[in-house]
2 protein chains.
Amino acid sequence: MARTGRPRSFDRESALDAAMRLFWLQGYEATTVSQLAAAMGKLSSASFYAAFGSKEILFREILERYEAIHGQALAPLSDTTLPPREAVERALRASVRMQTAPDLPTGCLVALGASGWSEHNAALAACVAETRARNRASFSACVDRAVAVGDLDPESNTAALGLMFDTVLLGLSIEARDRLPRAQLEEVVAVTMRLWDSFAPQGRAAATRG
Amino acid sequence: MARTGRPRSFDRESALDAAMRLFWLQGYEATTVSQLAAAMGKLSSASFYAAFGSKEILFREILERYEAIHGQALAPLSDTTLPPREAVERALRASVRMQTAPDLPTGCLVALGASGWSEHNAALAACVAETRARNRASFSACVDRAVAVGDLDPESNTAALGLMFDTVLLGLSIEARDRLPRAQLEEVVAVTMRLWDSFAPQGRAAATRG
DNA sequence: AGACTTATGAAGTGATCATTCCATAAATCT
DNA sequence: AGATTTATGGAATGATCACTTCATAAGTCT
């Protein structure tokens, strides 16, 4: 701390938050460096590049930051102390709340980042796609765990069920972006959890023993 | 037909198809007029503007064309001669096939068109959003019809069920864009239809009397 | 105080953006 | 044939793109 040289005149963290907001709202390609610099505190072009490297490098940092902060909504999926059904429900509900928070852009940056990429930025688009793939794998792992524990019937198509949760989460992002009210999206989550119950052994709901 | 003046040297229809492909693949903002003109048959800039007006006007025409051609996957939803359950399943399955067709861009132009818009093109983005809203309404109407006919239990949350189908369809678009194999997406549809059955009266599946 | 380090403001880079102009080409109409 | 109409190729428009250069400002270090 207290490094040598002239101190920067803006707060780097809040500048990152402003940048995240823009990328989240508009996507990578539709967001210009001028917009970014302005929103991040009326930075000069020189300050922007000195502090963040380039638009692409900034986006990569933002993506990491997004995962670290807002991606935590899906953390329950990896929490093996939670009963799998509760893990899935908590993840979906937390994500819906995040995606419809009044002070943040609607939808999920990672989900909505699936489109709007030209060939020129294919590498960066792939980076976001990998994040989606990891989320997908988390849902599947959680379902697998449920089967292992006996909470889901191994005879049913559990692979499809895992993918189904991912599908719903992604779809909710577009609906959140379309400004559907939070309550409606929460009802979709409730309906989705009914589906889990219909996959439970003996056709009965696995108790949420959390 | 056979109007006066020099005839154009390219086929307008196939030029439109090439433009649709680009917009579908990259989105509106990430697609440049140079890319369009090149893909549409190495048109000169002058020819492009003479024939299609502007990038925005072209996109509006493409959107209409997309709905007329590929949007027909959802036509079963409005076909009241079909049992509602079959209508939904046919629509979902036809859309998955369309979204994973080997000779077309993956995913749905309308669904993936939810992101990548800067403030400057808000009007155009709203146009695509309206299309999504119409599709949403079609699913709901189909579910309402099922309730009216007695195929779904009116006591259950049928509004959420209608929205659920829309959610799944939108989510499938992102997964198709992520190149998930068609078979997996079809399994998601199968799982989704199980959900319908769990909403049926007496907890039993409504027969597909089609 | 003076060397050193980092940040800033202003101006400018070439490239590309969507779009237009204009002379000419290629068809139909009288 | 000549007038009219539409399309084309090529060059050019100003705006904006991501990014750089550079002199100067504002700190810490010895």
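Excluded from the calculations below are hydrogen atoms, water molecules and symmetry mates; all remaining heavy atoms, backbone and side chain alike, are included. It should be emphasised that the depicted structure is a prediction, and the values quoted were computed from it without experimental measurement. Chain letters run A, B, ... following the sequence lines, proteins first and then strands; every chain starts at 1.
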Provide, to the nearest angstrom, the distance between the [atom1] atom belonging to [X] and the [atom2] atom belonging to [N].
{"X": "B:L124", "N": "C:dA18", "atom1": "CG", "atom2": "P", "value": "13 Å"}
{"X": "A:Y49", "N": "C:dT13", "atom1": "OH", "atom2": "P", "value": "17 Å"}
{"X": "A:E29", "N": "D:dA18", "atom1": "CD", "atom2": "P", "value": "10 Å"}
{"X": "A:H120", "N": "C:dC17", "atom1": "NE2", "atom2": "P", "value": "10 Å"}
{"X": "A:M40", "N": "D:dA18", "atom1": "CE", "atom2": "P", "value": "13 Å"}
{"X": "B:L58", "N": "C:dA18", "atom1": "CG", "atom2": "C1'", "value": "13 Å"}
{"X": "B:L36", "N": "C:dT19", "atom1": "CG", "atom2": "P", "value": "11 Å"}
{"X": "B:N121", "N": "C:dC17", "atom1": "CG", "atom2": "P", "value": "15 Å"}

Is the NZ or CZ atom of B:R85 both under 6.0 Å from the centre of the six-membered ring of B:F199 and within 45° of that ring's axis? no
State, without any angle test, whether B:Q99 and B:S95 hold a side-chain donor-acceptor pair at a distance under 3.5 Å. yes
Would you say B:K55 and B:Y28 make side-chain contact, with heavy atoms under 4.5 Å? yes
Nearest 0.5 angstrom please: A:R134 CZ to A:E130 CD, how far? 6.5 Å
Side-chain (A:T31) to main-chain (A:Q26) donor-acceptor, under 3.5 angstrom: no
Between protein and nucleotides 4-16 of chain D, map the contacts as a letter string: B base, S sugar-phosphate only, - none, heavy atoms under 4.0 Å, written 5' to 3'. -BBBSBB------
Residue pair B:P105 / B:R177: nearest heavy atoms and the distance that separates them: CB-NH2, 4.3 Å
